[in-house]
Amino acid sequence: MQFSIDTGSLLQASQIMSRAVSSKTTIPALTGIYFECINENTLLLKATDLEIGIEHTVSAKVEETGSMVVPAKYLLDILRKLPNTNITLTKKLDENTLQINYRESHVNLNTFPVDQFSFLPGINQDRSLTIKSDILATMIKKISISFSHDISRPVLNGALFELTDNMLRFVSSDTYRLSLIETVLDKVSEEEFMPIIIPSKALIELTRLIDKDETIKIIIDNKQAQFETNNLKIGVRLIEGKFPSYKNVIPTEYSTRIIADTKDLLLSIERATVISSDESFNKTCTIKLEFMDNTIYINSYSPSIGQLHDKLLINKEGEDISISFNGNYLVDILKIIDTEKVIIELNGNLSPGIIKPFGSTINYLSLILPVRG
């Protein structure tokens, strides 16, 4: 095979592929990037760790069709150090070496046997939907704070994906907090979708790879999900199992409801977490919130650091209450609230609190468990 392309284009494409290259595998070829010249002006790249797979097409001047698998690490290291010029890549059919020609010089890289490279199986195309890329990225960002990394509970290492009555919903939980976001799809989907669990790694990589102002096609079958743009396909194996019943833990009523300035509350809680950050004394970074009349008192203490007593004006409905939370969790939530005001709903000091934006067009909420004692 032989093709020509400018260094910058090949480097950018290879960097995209590197996000799916396997770092821990017994199959050496999976540490590489698969290249295939499929016609006179199109180069196809593939990479996978067998959990997530990426396909990407770029324009290139193809002189001879063929395929090869090149070690990703060494290819990227070389491309980063090449001059910004047009380069020619050649691999002869009976050899296991790739030659990269640039200006009057060249470099050779050993390649892997193509037959040792495997990719995710093809996906059933029956069920699909479309969504704008900026909406999808926002949904993923807002639930990402609750992704679990507990390998003993794999069903929590991703997000629940539900589609009911044209309402797309993502839910994530690490058992201490839960995030839920919903959006109405522009185009009515007539397909029936069973709830699935998409790994958090794939969703995070997706937000890094998709561009704004694109339309994403999402294809789902019983084992996989695939996200497609014009020149990019990201496939992922779904997590098997049943996501916990989240509807039962989200309160439908409240005894105390407050509306506060988001920025002021965030800064106050960030100051409180500085004081309560001594893990030897306070492993859960506990801060205490007291809601009295139209005032919130924020308190934190550490014998080795000091203490903080903050006071903010709020609008409160319902009962006065004193409750403690992990300050870091509160900071994570408030940082992704993009409205000027925030709502906090409570049902006593031992029940979960609900935090959501005030006046937002997006249906989003975060649930957080209190710290006892």
Side-chain angles (χ1 to χ4, degrees), residues 1-123 125 205 209-211 224 226-236:
M1 67 180 294
Q2 181 173 302
F3 64 92
S4 298
I5 191 172
D6 68 270
T7 307
S9 296
L10 187 58
L11 174 58
Q12 183 181 34
S14 298
Q15 287 173 327
I16 290 173
M17 306 313 296
S18 68
R19 297 193 175 278
V21 170
S22 180
S23 57
K24 297 179 181 179
T25 179
T26 58
I27 306 173
L30 293 185
T31 64
I33 300 173
Y34 172 92
F35 290 84
E36 182 179 357
C37 297
I38 56 178
N39 58 44
E40 63 183 13
N41 55 18
T42 305
L43 176 67
L44 171 66
L45 295 80
K46 293 183 180 182
T48 184
D49 60 5
L50 298 183
E51 295 298 327
I52 180 174
I54 300 176
E55 295 184 45
H56 186 36
T57 55
V58 294
S59 297
K61 183 180 180 181
V62 175
E63 301 292 340
E64 183 179 351
T65 59
S67 60
M68 62 181 177
V69 181
V70 186
K73 179 183 184 305
Y74 304 117
L75 176 65
L76 283 164
D77 286 347
I78 291 295
L79 290 176
R80 291 188 183 106
K81 295 171 175 62
L82 285 180
N84 188 14
T85 184
N86 199 61
I87 58 177
T88 300
L89 292 85
T90 306
K91 181 187 177 299
K92 295 182 178 179
L93 185 63
D94 57 347
E95 296 181 358
N96 64 351
T97 302
L98 164 68
Q99 182 168 295
I100 304 174
N101 291 281
Y102 55 99
R103 294 180 179 170
E104 302 301 318
S105 307
H106 72 270
V107 60
N108 288 347
L109 289 177
N110 294 333
T111 62
F112 296 116
V114 171
D115 59 6
Q116 292 182 10
F117 181 86
S118 55
F119 200 66
L120 296 178
I123 190 169
Q125 300 278 335
E205 293 298 347
L209 294 172
I210 58 178
D211 294 324
Q224 294 183 77
Q226 186 165 286
F227 302 84
E228 296 184 1
T229 66
N230 289 333
N231 61 0
L232 190 66
K233 294 181 181 179
I234 303 171
V236 56

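Expressed to the nearest 0.5 Å, how far CG of Leu50 lies from CZ of Phe119 amounts to 9.5 Å. The line from OG1 of Thr85 to CG of Asp6 is 8.5 Å long, rounded to the nearest 0.5 Å. To the nearest 0.5 Å, the span separating CD1 on Ile210 from OG1 on Thr229 amounts to 8.5 Å. In this structure, Glu55 CD and Leu44 CG are separated by 6.0 Å, a value rounded to the nearest 0.5 Å. Between the CE atom in Met68 and the CD atom in Glu95 there is a gap of 13.0 Å [rounded to 0.5 Å]. Between the OG1 atom of Thr57 and the CG atom of Asn231 there is a distance of 5.0 Å, given to the nearest 0.5 Å.
Here the closest heavy-atom approach between residue Leu76 and residue Leu11 is recorded as CD2-CD1, 3.9 Å. Contact between Ala47 and Ala20 at its shortest, heavy atoms only, is O-CB, 3.6 Å. Across every non-hydrogen atom of Phe227 and Val236, the tightest pair is CE1-CG1, 4.2 Å. In plain terms, the two heavy atoms of Ser14 and Leu75 that are nearest each other are OG-CD2, 3.9 Å. Closest approach of Ser59 to Ile5, counting heavy atoms only: O-CD1, 3.6 Å. Taking every heavy atom of both residues into account, Asn108 and Thr97 meet most closely at CB-CG2, 3.6 Å.
You'll find the side chain of Ile234 reaches within 4.5 Å of the side chain of Leu209, heavy atoms only. The shortest distance between side-chain heavy atoms of Ser67 and Val114 falls below 4.5 Å. The closest side-chain heavy-atom distance from Leu10 to Phe35 is below 4.5 Å.
More than 12 heavy atoms of other residues, nucleotides or ligands shown are found within 6.0 angstrom of CG on Asn39. When the shell of 6.0 Å around CD of Glu63 is examined, it contains more than 12 heavy atoms from other residues, nucleotides or ligands.
For the side-chain hydrogen bond (donor to acceptor under 3.5 Å, both in side chains) condition, the pairs that include at least one residue of residues 15-26, sequence neighbours left out, are Arg19-Glu205.
Looking at Ser4, its side chain never comes within 3.5 Å of a backbone N or O of Thr88 through a donor-acceptor pair. A donor-acceptor contact shorter than 3.5 Å is absent between the side chain of Lys73 and the backbone of Asp77. Between the side chain of Thr7 and the backbone N or O of Pro83, at least one donor-acceptor pair lies under 3.5 Å. A distance-only check finds no donor-acceptor pair linking the side chain of Thr65 to the backbone of Cys37 [under 3.5 Å].
Side-chain polar atoms of Thr90 and Gln2 form a donor-acceptor pair below 3.5 angstrom. Residues Glu228 and Gln226 have side chains that bring a donor and an acceptor to within less than 3.5 angstrom of each other.
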For this session: Report the C-alpha separation of Thr111 and Asn96 in whole Å, then their side-chain angles, then the decisive distance to 0.1 Å, and conclude whether the side chain to side chain contact (heavy atoms under 4.5 Å, CB included) test is met.
Result: CA-CA 5 Å; Thr111 62; Asn96 64 351; 3.9 Å; yes
For this session: Applying side chain to side chain contact (heavy atoms under 4.5 Å, CB included), run through Leu30 and Thr48 and close with a yes or a no.
Result: CA-CA 6 Å; Leu30 293 185; Thr48 184; 3.9 Å; yes
For this session: Dump the intermediate steps for side chain to side chain contact (heavy atoms under 4.5 Å, CB included) on Leu232 and Ile54, then the final yes or no.
Result: CA-CA 7 Å; Leu232 190 66; Ile54 300 176; 3.7 Å; yes
For this session: Check the pair Val70 / Ile33 against side chain to side chain contact (heavy atoms under 4.5 Å, CB included), numbers first and verdict last.
Result: CA-CA 5 Å; Val70 186; Ile33 300 173; 5.5 Å; no
